[in-house]
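This report refers to the structure that appears directly beneath it.
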Amino acid sequence: MAQSGTPRDNRRMEAKSEVDGAGRDWRLRGVRVVRAGELDSNTPQTPGMDRAAAITAARAGAKKLWAGTVVIHPDAKTGAHHHGPVESVIYVVAGKARMRWGERLEFVAEADPGDFIYVPPFVPHQEINASPEAPLSCVVVRSGQEPVVVNLELPDVEPNPQQVHWVDDIHPEP
């Protein structure tokens with residue numbers, strides 16, 4: 001975009017754009033890039049998956065979000081768990097995700113690459129890699145910074161979960 005005004009005006013605009021009205025230096029406190037090789041695997045884990053944090057308060061200064069990756073090995077499934085009061089969004093990058101949820105993991109749905117999965121607070125769930133050959137790779141975003149993972153022992157898991165399709169005013173039942 002071309003700048004207008006005198007060279008002196010342009011220098012003032014450039015200097016002003018580096019610091020906001022509250023005196024924050026946008027160069028140091030603006031956009032952050034966390035490279036793929038810089039993810040932090042020192043996060044709470046759930047058996048059957050590998051989590052790695054990308055965006056956290058410590059790494060990027062995030063106040064309300066946590067984001068990272070998760071890889072579930074071929075034909076593997078996690079233990080049942082929930083994430084306390086935080087909401088989670090899972091974006092499937094590669095592979096086929098199968099999610100079970102409920103008090104007895106009695107519900108199931110599948111997601112393909114490009115699909116999003118929403119997990120509300122406190123919902124017991126289990127991620128499953130539906131492929132016996134390929135890893136399941138996802139991006140996870142949570143609504144809070146607390147690394148809450150509550151692993152659950154569910155003694156009476158439903159052997160035949162009910163298939164659930166997203167149904168709302170925009171997505172009628174198939």
Side-chain angles (χ1 to χ4, degrees), residues 30-168 171:
V31 173
R32 303 288 172 106
V33 174
V34 177
R35 305 273 178 217
E38 299 172 344
L39 301 181
D40 180 8
S41 60
N42 188 24
T43 65
Q45 300 292 325
T46 297
M49 70 171 28
D50 299 317
R51 284 190 190 94
I55 306 300
T56 64
R59 298 178 58 81
K63 304 268 189 278
K64 299 178 182 178
L65 294 174
W66 180 98
T69 62
V70 67
V71 174
I72 301 175
H73 304 285
D75 212 22
K77 60 185 174 184
T78 70
H81 62 282
H82 70 74
H83 300 286
V86 300
E87 297 173 289
S88 298
V89 173
I90 302 168
Y91 175 76
V92 180
V93 175
K96 186 167 199 68
R98 181 175 297 138
M99 292 289 289
R100 289 187 63 172
W101 71 94
E103 293 297 322
R104 299 176 50 228
L105 302 180
E106 64 268 30
F107 305 110
V108 66
E110 292 189 350
D112 295 310
D115 292 346
F116 288 84
I117 301 166
Y118 170 67
V119 182
F122 296 103
V123 171
H125 63 281
Q126 175 186 50
E127 290 98 338
I128 300 168
N129 183 341
S131 169
E133 295 94 29
L136 170 61
S137 179
C138 302
V139 172
V140 179
V141 177
R142 293 209 188 103
S143 64
Q145 282 292 312
E146 292 300 315
V148 177
V149 176
V150 178
N151 292 313
L152 304 170
E153 294 290 330
L154 300 181
D156 191 25
V157 172
E158 174 61 45
N160 300 307
Q162 175 187 352
Q163 180 74 34
V164 177
H165 298 279
W166 187 274
V167 178
D168 61 23
H171 307 90

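Side chains included, hydrogens not; waters and symmetry mates left out as well; all remaining heavy atoms used. These numbers were taken from a predicted model, which means no experiment stands behind them.
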- request: Evaluate the criterion side chain to side chain contact (heavy atoms under 4.5 Å, CB included) for residue pair Asn129 and Asp75; output intermediate values, then yes/no.
  value: CA-CA 5 Å; Asn129 183 341; Asp75 212 22; over 6 Å; no
Might you point out which heavy atoms bring [X] and [Y] nearest each other, and give the distance in Å?
| X | Y | result |
| --- | --- | --- |
| Val86 | Ser143 | CA-OG, 3.5 Å |
| Ala109 | Val164 | CB-O, 3.6 Å |
| Leu136 | Gly95 | CD1-C, 3.9 Å |
| Ala97 | Val92 | CB-CG2, 4.0 Å |
| Ile90 | Cys138 | CG2-CB, 3.6 Å |
| Ala67 | Val141 | CB-CG2, 4.0 Å |

Going by side-chain hydrogen bond (donor to acceptor under 3.5 Å, both in side chains), name the residues that satisfy it together with [X], two or more places apart in sequence or in a different chain.
| X | answer |
| --- | --- |
| Thr56 | none |
| Asp50 | His73 |
| Asp40 | none |
| Arg98 | Glu110 |

Which atom pairs, donor and acceptor, lie under 3.5 Å between side-chain atoms of residues 113-124 and protein residues at least two apart or in another chain?
residue, atom, partner, partner atom, Å
Asp115, OD2, Asp112, N, 2.7
Tyr118, OH, Glu87, OE2, 2.5

[X] versus [Y]: any side-chain heavy-atom pair under 4.5 Å?
| X | Y | result |
| --- | --- | --- |
| Val93 | Val139 | yes |
| Pro74 | Pro132 | no |
| Val71 | Arg51 | no |

task: Using side-chain contact (heavy atoms from CB on, under 4.5 Å) as the criterion, list what pairs up with Glu38, not counting sequence neighbours.
output: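 By the side-chain contact (heavy atoms from CB on, under 4.5 Å) rule, Glu38 matches Val34, Arg35, Arg59.
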task: Name all residues meeting the side-chain contact (heavy atoms from CB on, under 4.5 Å) criterion together with Ala62; count only those two or more places apart in sequence or in a different chain, and write none if there are none.
output: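 Ala62 satisfies side-chain contact (heavy atoms from CB on, under 4.5 Å) with Ile55, Gln145 only.
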Lys77, NZ atom: more than 12 neighbouring heavy atoms under 6.0 Å: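 Open.
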query: ring-ring contact (aromatic ring centres under 6.0 Å, His included) with His81: which residues, sequence neighbours excluded?
result: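 His81: ring-ring contact (aromatic ring centres under 6.0 Å, His included) contacts with His83, His125.
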Under 3.5 Å, side-chain donor or acceptor atoms of residues 99-106 against the rest of the protein: list the pairs with distances, not counting sequence neighbours.
residue, atom, partner, partner atom, Å
Arg100, NE, Leu105, O, 2.9
Arg100, NH2, Leu105, O, 2.7
Arg100, NH2, Glu158, O, 2.4
Arg104, NE, Asp156, O, 2.9
Arg104, NE, Asp156, OD2, 3.4
Arg104, NH2, Glu158, OE1, 3.3
Glu106, OE1, Glu103, N, 3.3
Glu106, OE1, Arg104, N, 2.7

Side chain to side chain contact (heavy atoms under 4.5 Å, CB included) between Ile72 and Thr78, worked out: CA-CA 8 Å; Ile72 301 175; Thr78 70; 4.2 Å; yes
field: Short side-chain donor-acceptor distance under 3.5 Å, Ser88 and Arg142
entry: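 Judged by distance alone, the side chains do pair up.
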Rounded distance (nearest 0.5 Å) linking atom NZ of Lys96 with atom CD1 of Ile128: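 Rounded to the nearest 0.5 Å, the NZ-CD1 separation comes out at 12.5 Å.
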query: Stepwise, does the side chain to side chain contact (heavy atoms under 4.5 Å, CB included) test hold for Tyr91 with Val140?
result: CA-CA 6 Å; Tyr91 175 76; Val140 179; over 6 Å; no
